[in-house]
There are 2 protein chains.
Amino acid sequence: MGISERKEREKTEMRDLIRAAALKMFLEDGYAKTSIRKIADAIEYSPGTIYLYYKDKDELLYEVQGLAYGKLLEAFRTKANDKDPLKRLIQMGKTYVKFGLENPELYDLMFIIRAPNNVDETSHKDNGDHTYNYLTDTLEECINKKLLRITDLQLGALQVWSMCHGLVSLNLRCRLKVMALGEEEINAALSHAIENYIASVTL
Amino acid sequence: MGISERKEREKTEMRDLIRAAALKMFLEDGYAKTSIRKIADAIEYSPGTIYLYYKDKDELLYEVQGLAYGKLLEAFRTKANDKDPLKRLIQMGKTYVKFGLENPELYDLMFIIRAPNNVDETSHKDNGDHTYNYLTDTLEECINKKLLRITDLQLGALQVWSMCHGLVSLNLRCRLKVMALGEEEINAALSHAIENYIASVTL
DNA sequence: CAAATATACTGAATGGTGTTCAGTAAATGA
DNA sequence: TCATTTACTGAACACCATTCAGTATATTTG
């Protein structure tokens, strides 16, 4: 029976269509401002149809998060691949911050938005894990080669990630206003902060 | 004329009433889930009345942020006041993280929610500034006494704050799931991370 | 004191949101 | 050919922030 296979194909194609439209609109206008109605309009279907393919808006967010984690991983692979793990670590930090500042809406949905807690995890989790592992692998190499003041892998990863996320998210949410810096100065400060931090944990 | 003074008083009393109800409900249910209608219900006025005292929901958020910054400052003053600036810095870090984890909805509205950009700043800003200055003052003392690997005050403040905010916000948003730790372990990890970080920048 | 004005408040209405579901029309299977 | 399954629709539901004509009370003026 080729029919059921075709139906299967059409089903995943429809899911892809919805996901793609959602990604585009989430990127442009953000998750909150993108309504199911608008997505439905964009793909020329009725709002109800989307619910035949996705349980709710959260599940759609979850899928797009998977794509976004993949994009970040790709950025790491192309821009943070120095042989020297320490240099790679610095490249990673800068790539991460740059990624966040250049894709604010995407970063938002990846790490700032309240995560849906009603969705089963599949490929989404994989992409997230792979990206996180890219960090732990690099960090492990640094630790093994005794390049860092850091000795605990998990604790180190938590620190590096938190520092980078803190820099990006405080800036995206305009909470660095208290520092009374111009936009240029802020970007420079973020860059300096990440360099300076890695330097301070380097032996 | 005592009348206009009484009217003035009544006006600020009404603002206080609304602000207090909003604070309570924001704390319990979060900003997003607290509707103007619910606040109006709680104080037994109609929704329209709230708009006679606050321009919009954002302005209400802005006011409550002021209160929240004040609460954090109070926590610093009572729990992070060691004479030794280095010890004080560590106390501050721990106090900050504890504050965030114990008041998730408050922390949310202080540092994670999209800031309103349509509001004039007054006492809100003051509270935020004072809290930030508590950090820079402590850090400045550490730098002056040459206790830290940090030399630039602003850069140092940015780093310390970002690290703490990163730890809290990643955890509040359940993004530390990738680390596959239990709740107990996570809390310990956050505590360790902050200690370990300060230690690594200590001379 | 009475009339005019200013103030405080209401609640229905507007235009949005996510989500559901009875109904329809087309494709498939018997 | 007819019954059934499948895909889709769009109106309806219960919310949301915000506005504004209308009302009722309080104050000021003549």
Side-chain angles (χ1 to χ4, degrees), chain A residues 1-19 21-22 25-26 28-65 105 108-109 113-119, chain B residues 1-19 21-22 25-26 28-64 105 109 113-119:
Chain A
M1 285 269 162
I3 290 178
S4 64
E5 287 159 20
R6 193 204 69 213
K7 292 243 164 164
E8 198 66 32
R9 207 185 330 125
E10 282 174 352
K11 204 144 205 167
T12 67
E13 273 170 13
M14 191 63 169
R15 269 184 79 96
D16 292 350
L17 181 67
I18 296 170
R19 196 199 304 109
M25 298 176 81
F26 287 172
E28 286 169 4
D29 310 322
Y31 177 74
K33 285 190 176 175
T34 302
S35 70
I36 296 288
R37 280 173 176 79
K38 284 180 194 164
I39 297 174
D41 261 17
I43 59 171
E44 295 176 300
Y45 280 86
S46 90
T49 302
I50 290 175
Y51 288 87
L52 301 173
Y53 296 89
Y54 287 93
K55 181 151 96 351
D56 52 22
K57 204 186 168 189
D58 275 353
E59 199 183 39
L60 211 34
L61 168 62
Y62 211 63
E63 286 252 333
V64 174
Q65 278 180 343
E105 293 296 352
D108 214 71
L109 117 202
I113 276 182
R114 268 180 219 269
N117 42 13
N118 51 349
V119 188
Chain B
M1 285 270 160
I3 289 177
S4 65
E5 286 159 19
R6 194 204 67 214
K7 292 243 165 165
E8 198 66 31
R9 209 185 330 124
E10 282 174 352
K11 205 145 204 166
T12 68
E13 272 168 16
M14 191 65 168
R15 269 184 78 98
D16 291 349
L17 180 67
I18 296 170
R19 197 199 303 108
M25 300 176 79
F26 288 172
E28 284 168 6
D29 311 322
Y31 177 75
K33 284 190 178 175
T34 301
S35 70
I36 295 287
R37 278 171 175 77
K38 285 181 194 165
I39 297 173
D41 261 15
I43 60 172
E44 295 177 298
Y45 281 86
S46 88
T49 302
I50 290 176
Y51 287 88
L52 300 174
Y53 296 90
Y54 288 94
K55 183 152 97 339
D56 52 22
K57 205 185 167 188
D58 275 352
E59 199 183 39
L60 211 35
L61 167 62
Y62 211 63
E63 286 252 333
V64 173
E105 293 295 353
L109 121 199
I113 277 181
R114 267 180 219 269
N117 41 14
N118 51 347
V119 188

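Since we're looking at a predicted model, the values are computed, not measured. Each chain gets a letter, A, B and so on, in the order the sequences are listed, and its residues count up from 1.
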Review point. Would a 4.5 Å heavy-atom cut-off, applied to side chains only, mark Y53(A) and K11(A) as touching?
Key: yes

Exercise for review: Check whether any side-chain heavy atom of M14(A) sits under 4.5 Å from a side-chain heavy atom of L17(A), and report yes or no.
Suggested key: yes

Rounded distance (Å) that lies between atom [atom2] of [N] and atom [atom1] of [X]:
X	N	atom1	atom2	answer
I50(A)	dT17(C)	CD1	C1'	13 Å
D41(B)	dA17(D)	CG	P	12 Å
E44(A)	dC8(D)	CD	C1'	15 Å
I36(A)	dG10(D)	CD1	P	17 Å
E13(A)	dA7(D)	CD	P	13 Å
Y51(A)	dG18(C)	OH	P	6 Å

Compare side-chain N and O positions of [X] against OP1 and OP2 of [N] and report whether any pair is under 4.0 Å apart.
X	N	value
S46(B)	dC9(C)	no
K11(B)	dA8(C)	yes
Y53(A)	dC8(D)	yes

Review point. Is K38(A) salt-bridged to D41(A), going by a charged N under 4.0 Å from an acidic O?
Key: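 Not counted as a salt bridge, because no side-chain N and carboxylate O are separated by less than 4.0 Å.
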
Review point. Which part of the nucleic acid, if any, lies within reach of K33(B) when heavy atoms closer than 4.0 Å are counted: base, sugar-phosphate only, or nothing?
Key: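 Nothing, no nucleic acid heavy atom in range.
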
Exercise for review: Using a heavy-atom cut-off of under 4.0 Å over every strand shown, decide if Y54(B) touches base, sugar-phosphate, or nothing.
Suggested key: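 Counting heavy atoms under 4.0 Å across all strands, no contact is made by Y54(B).
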
Looking only at the side chain of [X] (C-beta and beyond, no hydrogens), which of the listed nucleotides [options] gets closest?
X	options	value
M14(A)	dT17(C), dC8(D), dT18(D)	dC8(D)
L52(B)	dT18(D), dG10(D), dT10(C)	dT10(C)
T49(B)	dC9(C), dT19(C), dT18(D)	dC9(C)

Check your understanding: Taking the nucleotide of DNA chain C with the closest heavy atom to each, which residue, S35(A) or Y45(B), is nearer the 5' end?
Key -> Y45(B)

**Study point:** Verdict with supporting geometry, R114(B) and E105(A), salt bridge (charged side-chain N to carboxylate O under 4.0 Å, His left out)
**Key:** CA-CA 12 Å; R114(B) 267 180 219 269; E105(A) 293 296 352; 3.2 Å; yes

Study note, to complete from the structure: For Y51(B) and D56(B) the tightest heavy-atom approach is CE2-CA, 3.9 Å

